[in-house]
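Read the structure below first, then the notes.
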2 protein chains.
Amino acid sequence: MKQITKYVIKNSLKRIFLYRACLVRLRMMGVERVFSYTLGNETGVTPDQVRKDFSEFSIKGNKRGGYEIDELLSTMESIFHRNKDHNIVLVGMGNMGQSLSKYSRFVQRNMNIVATFDIDPFKQKMRSDIPVYTMNRLKEIIDRFKVKVAIVAVPEISAQEVTDELIRHGIKGIINFAPVLLKVPPEIVVNNVNLSDELESVIYYVHNLLKADGQKNIEYYTRL
Amino acid sequence: MKQITKYVIKNSLKRIFLYRACLVRLRMMGVERVFSYTLGNETGVTPDQVRKDFSEFSIKGNKRGGYEIDELLSTMESIFHRNKDHNIVLVGMGNMGQSLSKYSRFVQRNMNIVATFDIDPFKQKMRSDIPVYTMNRLKEIIDRFKVKVAIVAVPEISAQEVTDELIRHGIKGIINFAPVLLKVPPEIVVNNVNLSDELESVIYYVHNLLKADGQKNIEYYTRL
DNA sequence: CGTATTTTGTGATTTGTTTCACATCAAAAT
DNA sequence: ATTTTGATGTGAAACAAATCACAAAATACG
Ligand SMILES: NC(=O)c1ccc[n+]([C@@H]2O[C@H](COP(=O)([O-])OP(=O)(O)OC[C@H]3O[C@@H](n4cnc5c(N)ncnc54)[C@H](O)[C@@H]3O)[C@@H](O)[C@H]2O)c1
Ligand SMILES: NC(=O)c1ccc[n+]([C@@H]2O[C@H](COP(=O)([O-])OP(=O)(O)OC[C@H]3O[C@@H](n4cnc5c(N)ncnc54)[C@H](O)[C@@H]3O)[C@@H](O)[C@H]2O)c1
């Protein structure tokens, strides 16, 4: 009973990510507390929106005193389940897969790629920090590391087949870089990232903005 | 007068990309015409929404006869300015930059990376199809190839500085892979792609869906 | 040729999101 | 201790997006 259940990250959640990144930076700069005004200014969001977003996630501040950054960050950590580590597998060690496997920021955020998989024996011989396995070890690794989330970085043609296999072995969430809409059962979370579309949309907006020349941006964009 | 003007791709435009990819596939399979119902089914969108989207972009079909795929595709091509080529520059030939520079699908969609740039002399010596230049040739290349759009794939710390330089030399649109909100004048289009956030949001949704277990998806997601 | 059928295109309605406005509280000032 | 000030938190209002519903148009069929 596979079906297309596309989802996009809710804007309010995207903004929470934004706030967090900003808070981490401010904290490193020695700042201890923020107001919705400060945070809004820093992230290009109105203070009202910041407070509404916090309200949605039941994040509380101190009347008049604003928000204590450390407290805010630890509240966010528990919202995002960042207190514990998350094991991830990556399928497809081509250009994209290799690049992602080396990306240190995932680890910094407690997202560990514990193993990668590829059908190409040459890729399997690659020396790398993270092991590259054949597909037949998929189940073993997913079970051993209690992996719930996978990165799909295989060619378009193989993406659905790989996805089916991942789900069969217990994967619940997928971030997919292949330019296809994966069909999955409704309880599976899929985030389709299509970089060609992202780039092309920039071109589209550049052209239309140049024509429109100025204030009518709203017609073409949606604010985050 | 730099400021934060974040924009996200409008959902209706995202869906148009979706329709197009689907239409290309159907066309290759020999299908000649579609109905909003077919297309919706194929992309997980309601037929009403398909027609509303087409209406927004003034795409017309034939009452009763549906849409002729070829006609639809060529209308879309002109909407997306795909009739002409688009020259792009890429700054930062690290893991991500190299991967993107090899991505053939950009070229397939008439988006040509004409040159790449890096401060690292080692990267400049790299043999690759696309030339790697020092930053001081940026202006020359941008002018020569009439480049309007750039890909930023440098570390977080350098992203703003590189962006400023790109804009100074006439770039109007940027897709940014560094996890920072770039500050740009309001007439510049920026698409900030943050892959850590995308991955983390999958984890977030997986956890919350598992808890919610079933139909209340709507609470956590926004449909595309 | 006219009637039934099917699908588009778009106002009207509903649903969702952002902005506004202000009561509420906590701290600072007097 | 009381007033003033300044920020939060959240209903209400305004705005935006998605769904519904149906008239209009094109085709099929008797
Ligand atoms: N390269 C990029 O910058 C880029 C950008 C955006 C999207 N993408 C998408 O990401 C995906 C990967 O792109 P790439 O450039 O890394 O391609 P690639 O060809 O370099 O790598 C694909 C890898 O997947 C492996 N593979 C193929 N079928 C497999 C299967 N059934 N099971 C396991 N592994 C399999 C191949 O052996 C290869 O190593 C593609 O869908 C592409 O469209 C790539
Ligand atoms: N690697 C990934 O998979 C990945 C994923 C998501 C986001 N990103 C982001 O993309 C960016 C690049 O990541 P990466 O992994 O390729 O890093 P990297 O360190 O491999 O590459 C960065 C490149 O930028 C060059 N550079 C640095 N400063 C520069 C400057 N001022 N001008 C020109 N070039 C400069 C460096 O010489 C290097 O070649 C980072 O911001 C990173 O956070 C990377």
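Order of the sequence lines fixes the chain letters, A, B, ..., with proteins taken first and strands second; residue numbering starts at 1 for each chain.
- Less than 4.0 Å separates DNA chain C from at least one heavy atom of each of the following residues of residues 57-65 of chain A: Lys63(A), Arg64(A).
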Using residues 149-159 of chain B as the side-chain source, report each donor-acceptor pair under 3.5 Å to any protein atom, sequence neighbours left out, with the distance given to one decimal.
unit_1, atom_1, unit_2, atom_2, d
Glu156(B), OE1, Arg105(A), NH1, 3.3
Glu156(B), OE1, Arg105(A), NH2, 2.5

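- For the pair Ser55(B) and dG9(C), the criterion of a side-chain N or O lying under 4.0 Å from OP1 or OP2 is not met.
- Atom pair Tyr37(A):OH and dA7(D):P shows a separation of 10 Å (rounding to whole Å applied).
- The CG atom of Leu199(B) lies 9.0 Å from the CG atom of Asn191(A); values are rounded to the nearest 0.5 Å.
- Between the CZ atom of Arg51(B) and the P atom of dA25(D) there is a distance of 16 Å, given to the nearest Å.
- Other residues, nucleotides and ligands contribute more than 12 heavy atoms inside 6.0 Å of the CZ atom of Phe145(A).
- Put simply, CZ on Arg33(B) is 11 Å from C1' on dT27(D), counting in whole angstrom units.
- Atom OH of Tyr67(A) is separated from atom P of dA26(C) by 14 Å (rounded to the nearest Å).
- Atom NZ in Lys52(B) sits about 15 Å away from atom P in dT14(C), given to the nearest Å.
- In this structure, a donor-acceptor pair under 3.5 Å is absent between the side chains of Glu198(B) and Asn194(B).
- As a whole-Å value, the separation of Asn11(B) CG from dT17(C) C1' is 12 Å.
- In terms of heavy atoms, Arg15(B) sits closest to Val45(B) at CD-CG2, 4.0 Å.
- Whole-Å rounding puts the Glu68(A) CD to dA7(D) P distance at 17 Å.
- Considering only side-chain N and O atoms, Ser36(B) lies under 4.0 angstrom from the phosphate OP1 or OP2 of dT8(C).
- Distance from the side chain of Asp48(B) is smallest to dC20(D) among dC20(D), dT8(D), dC22(D).
- Gln49(A) places its CD atom 17 Å from the P atom of dG16(C), with the value rounded to the nearest Å.
- Phe17(B) and Phe80(B) have parallel rings, their planes meeting at less than 30° on a 0 to 90° scale where 60° marks the start of perpendicular.
- For Ile203(A) against Ile88(B), the heavy-atom pair with the smallest separation is CD1-CD1, 4.0 Å.
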